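All of these numbers come straight from a predicted model, not from anything done at the bench. Proteins come first, then strands; the chains are lettered A, B, ... in the order of their sequence lines, and each starts at number 1. Any value given below was found using the heavy atoms of this structure, including those in side chains, with hydrogens, waters and symmetry copies removed.
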Number of protein chains: 2
Amino acid sequence: MTTPSAPSAAGRDLPHPHRSEIRLEGVLHALADPMRLAVVRRLAAGPAEQSCSALDLPVSKSTTTHHFRVLRECGVIRQTYRGTAKLNRLRRDDLQALFPGLLDSVLAAAQAEAVRRA
Amino acid sequence: MTTPSAPSAAGRDLPHPHRSEIRLEGVLHALADPMRLAVVRRLAAGPAEQSCSALDLPVSKSTTTHHFRVLRECGVIRQTYRGTAKLNRLRRDDLQALFPGLLDSVLAAAQAEAVRRA
DNA sequence: GCCGTACTACGACGAGTATCGTATGACTGC
DNA sequence: GCAGTCATACGATACTCGTCGTAGTACGGC
């Protein structure tokens, strides 16, 4: 079937909360899970856009999908399709505008704790 | 029934995690709940030490106790008995030493969101 | 068209948690 | 001693969440 008005590369759209809909408690809840915090740390440290499978979490595919969905629905990451892959990137600008310094503090805290535990 | 090894009167001690035992994910989890975040905000804004009942949360006494316990066990607050009341205060120093700027960022974010919603 | 890859949707299960009511313990003041 | 206040402990309940497996959809290449 021919998609009339949809470009093939980005045919599927995913729902994202608008900047004004992002809630602090949602962001904190999303970051409070170790698996999701690890995802955010790697998105912050590595390339700006990374696919779900590139992060290779130590859980099943289903669970990986679940965590990425939580991060997206809470406004922490933005997801876009690119062929069969889905690319993820941090919503740094939106988070910085809403909660200045919060993301950086959490990332620095995570880094500090990782160093401390090593 | 006479408690044989009754903990002596004024010396009721409550277990607190040592500074080195405080985990980032625990702190974030504690702060992700709206009720607990409200408690922390009021402890930060008001007098340094406030009793449990002084905050007058819109939940039952049992639930209030539960939330204070979570905050204490995650290392966010310190609780000490004073007569019949129990005084709560933020562990600002410990949190600042472990995760510099984190608590202030969260408090500022909560304040910003409260203003935005008004 | 057919197959492989990447991700999703759905249902299920166990663990954790937020809430409550009631009963209990600790302290203060009479 | 007795009563009142503050907070706790315990059990119950309903809900959320993290995890999985299986079945299914979308895309790209053969």
Any B/T84 side-chain N or O less than 4.0 Å from OP1/OP2 of C/dT28
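It does not, given that no N or O in the side chain of B/T84 lies less than 4.0 Å from OP1 or OP2 of C/dT28.
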OP1 or OP2 of D/dT19 under 4.0 Å from side-chain N/O of A/T63:
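So the side chain of A/T63 is outside the cut-off, no N or O lying under 4.0 Å from OP1 or OP2 of D/dT19.
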Rounded distance (Å) that lies between atom [atom2] of [N] and atom [atom1] of [X]:
X: A/R82; N: C/dC7; atom1: CZ; atom2: C1'; value: 17 Å
X: B/H67; N: C/dG16; atom1: NE2; atom2: C1'; value: 14 Å
X: A/L57; N: C/dA6; atom1: CG; atom2: C1'; value: 15 Å
X: A/N88; N: C/dA6; atom1: CG; atom2: P; value: 14 Å
X: A/L14; N: D/dT25; atom1: CG; atom2: P; value: 17 Å
X: B/K61; N: C/dA23; atom1: NZ; atom2: C1'; value: 16 Å
X: B/L71; N: C/dA18; atom1: CG; atom2: P; value: 10 Å

For [X], give me all partners under side-chain contact (heavy atoms from CB on, under 4.5 Å), at least two apart in sequence or on another chain.
X: B/Q79; value: B/L14, B/H16, B/C52, B/F68, B/R72, B/I77, B/K86, B/N88
X: B/T63; value: B/V59, B/S60, B/H67
X: B/T80; value: B/E49, B/L87, B/R89
X: A/H29; value: A/R36, B/A32

Categorize A/H66 for me: base, sugar-phosphate, or nothing, with a 4.0 angstrom heavy-atom threshold over every strand shown.
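Base contact.
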Counting side-chain heavy atoms from C-beta on, which of D/dC20, C/dC7, C/dT19 comes nearest to A/Y81?
C/dC7
Could you work out, with salt bridge (Lys or Arg N to Asp or Glu O under 4.0 Å) as the rule, every residue matching B/D33, not counting sequence neighbours?
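Expected list: none.
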Report the residues that fulfil side chain to side chain donor-acceptor pair (under 3.5 Å) with B/R23, sequence neighbours left out, ordered by chain and then residue number.
none
List the atom pairs, with distances to 0.1 Å, where a side-chain N or O of residues 98-110 of chain A and a protein N or O form a donor-acceptor pair under 3.5 Å, not counting sequence neighbours.
residue, atom, partner, partner atom, Å
A/D104, OD1, A/R92, NH2, 3.1
A/S105, OG, A/G101, O, 2.9
A/S105, OG, B/S105, OG, 2.8

Sorted by number, residues from residues 24-55 of chain A placing a heavy atom under 4.0 Å from DNA chain D are A/H29, A/D33, A/M35, A/R36
Is it possible for you to say whether A/M35 and A/L28 belong to one hydrophobic cluster, with membership spreading through side-chain heavy-atom contacts below 4.5 Å?
yes
How about A/R19: does its CZ atom have over 12 heavy atoms from other parts shown lying under 6.0 Å from it?
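More than 12 within 6.0 Å, yes.
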Using nucleotides 9-14 of chain D, report all nitrogen or oxygen pairs with the protein that are shorter than 3.5 Å.
residue, atom, partner, partner atom, Å
D/dA9, OP2, B/R69, NH2, 2.7

